[in-house]
Undergrad: 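After the structure tokens below, expect a handful of questions from me.
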Amino acid sequence: MSEFMAARPAPSVPAAGAADQVAAEAAVRQAPGDVLLDVRDLRTYYPVRRGLVQSVARAPRRHVHAVDGVSFSLRRGEMVALVGESGCGKTSTLQTILGMVKPTSGTVTLDGTDITALSERQMRPLRRTIQMIYQDPYESLDPRFRVRDTIEEPMLVHGIGSSRSERLPLIAAALEQAGLTPAELFIDRYPHELSGGQRQRVAIAASLVLSPALLLADEPVSMLDVSVRAGVLALLDSLRRDADMAILMITHDLSTAAHFADRIAVMYLGRIVEQGRAADVVRDPQHPYTKALLSVVPKRDPRDRTVPQILTGETPNPVDVPAGCRFHPRCPIATDRCRTEDPALRQPDAAAAGDHLAACHLA
Ligand code: SF4
């Protein structure tokens with residue numbers, strides 16, 4: 001394992017109001033038994049390579065705070081959308097849950113088992129339970145493989161079926177479940193003979209054939225034509241409703257999240273700054289960052305006008321996370337307190353629902 005992934009530095013000092021945060025997070029935990037995935041205070045820090053001068057001077061090692069204290073849970077049959085700008089830590093969160101990256105601290109509990117504590121060998125049988133759908137269907141399929149080979153490959157890895165004739169009906173069933181019907185029409189095609197939407201459905205079928213309990217979808221439609229996006233999103237929606245799968249979807253598109261997800265978690269600079277039921281977050285945003293994201297979502301009704309709130313400045317460097325509230329350098333309503341005190345994730349006074357949380361002193 002590379003030095004980049006292996007280092008596990010001590011986590012930083014807990015945020016002010018940590019007790020409040022723990023209590024607030026407990027409020028949004030689901031009833032035991034329902035929860036499939038439980039992520040608690042997850043941190044993934046990447047060490048920054050030192051130059052010769054810093055090495056000689058023994059300068060302290062610095063870290064990219066890619067994921068910095070993320071907590072949420074996901075029930076079977078539920079879709080949660082992780083929303084935020086590029087570089088906010090969404091993909092690192094997914095990679096850590098999947099075990100591609102070792103967390104610096106925190107836990108990922110899948111169906112009651114803490115998978116962060118498992119060895120690679122212990123993790124192998126569980127890999128079938130968690131499947132990833134990637135952003136780019138043009139990259140995720142091997143151009144030399146026919147559709148049947150692409151879907152058969154994970155079955156071979158996990159030892160499903162003793163012969164090709166035994167696996168073939170399962171491949172056809174996965175294709176049909178992914179909406180590629182009749183399966184015979186697609187099973188012998190190569191990726192270049194498929195549209196972008198059909199390729200993404202083949203990638204989804206290659207996951208479905210393993211009967212996963214959890215799908216991690218990393219911007220699953222952002223590379224597709226607008227005309228086929230709704231179909232792929234409707235497919236994911238039907239999988240969680242009909243097949244009881246839990247889906248954690250990354251998107252930077254709040255309108256997609258609002259339409260398909262049950263709950264939304266808004267990330268900024270490695271941390272969730274607002275979370276709650278999708279309708280509550282979209283209709284009654286509490287955090288200034290969420291308000292800014294929503295202000296630029298086009299409205300269906302032309303009479304429903306909001307002034308786009310353009311945030312000034314760039315997202316701060318995740319190596320030098322600002323003191324206090326990490327959003328304060330860009331926040332239009334920041335006060336002195338915001339520059340020194342890190343706000344805990346808690347239920348804002350104005351929020352109607354107990355499971356609607358925001359990390360803002362003024363919410
Ligand atoms: Fe803005 Fe302060 Fe709220 Fe942070 S705590 S979002 S800086 S008002």
Side-chain angles (χ1 to χ4, degrees), residues 11-28 41-43 64-72 81-90 92-93 251-252 254 257-258 263-297 306-363:
S12 61
V13 178
D20 288 352
Q21 183 155 341
V22 169
E25 285 164 359
V28 291
D41 202 20
L42 193 68
R43 292 168 199 266
V64 175
H65 298 73
V67 183
D68 202 10
V70 165
S71 300
F72 66 92
L82 268 184
V83 180
E85 296 167 298
S86 299
C88 71
K90 306 185 298 285
S92 290
T93 302
T251 178
H252 59 261
L254 253 173
R263 286 188 293 132
I264 291 177
V266 181
M267 278 191 82
Y268 183 78
L269 209 57
R271 192 175 283 179
I272 291 175
V273 294
E274 180 159 3
Q275 65 171 301
R277 278 175 282 185
D280 293 335
V281 172
V282 170
R283 286 194 207 125
D284 187 23
Q286 297 293 319
H287 195 280
Y289 179 58
T290 314
K291 289 178 186 175
L293 291 180
L294 281 166
S295 75
V296 293
V297 173
T306 51
V307 180
Q309 195 184 323
I310 309 299
L311 292 173
T312 54
E314 295 291 319
T315 310
N317 185 345
V319 176
D320 294 310
V321 176
C325 173
R326 56 192 59 208
F327 186 58
H328 86 254
R330 301 173 77 193
C331 182
I333 56 170
T335 63
D336 286 345
R337 183 185 177 195
C338 304
R339 290 177 241 288
T340 54
E341 203 178 311
D342 194 359
L345 198 59
R346 60 172 179 83
Q347 185 189 355
D349 299 337
D355 56 359
H356 188 176
L357 311 176
C360 174
H361 295 309
L362 304 187

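Both counts, for ligands and for their atoms, begin at 1 and track the order of listing.
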Undergrad: Look at atom CZ of Arg339 and say whether more than 12 heavy atoms of other residues, nucleotides or ligands are closer to it than 6.0 Å.
TA: yes

Undergrad: Output, in order, the C-alpha distance, side-chain angles, deciding distance and verdict of side-chain contact (heavy atoms from CB on, under 4.5 Å) for Thr335 and His361.
TA: CA-CA 9 Å; Thr335 63; His361 295 309; 5.8 Å; no

Undergrad: Closer than 4.0 angstrom, basic N to acidic O: yes or no for Asp68 and Arg326?
TA: yes

Undergrad: Could you go through the side-chain contact (heavy atoms from CB on, under 4.5 Å) check for Val67 and Arg43 one step at a time?
TA: CA-CA 5 Å; Val67 183; Arg43 292 168 199 266; 5.8 Å; no

Undergrad: Show the nearest heavy-atom pair for residues Ser71 and Ile272, with the distance to one decimal.
TA: O-CD1, 3.7 Å

Undergrad: Please work out which of the three classes, parallel, tilted or perpendicular, describes the rings of Phe327 and Tyr268, given edges at 30° and 60°.
TA: perpendicular

Undergrad: Taking 2.8 Å as the distance threshold, tell me the number of protein N/O/S atoms next to atom 1 (Fe) of ligand 1.
TA: 1

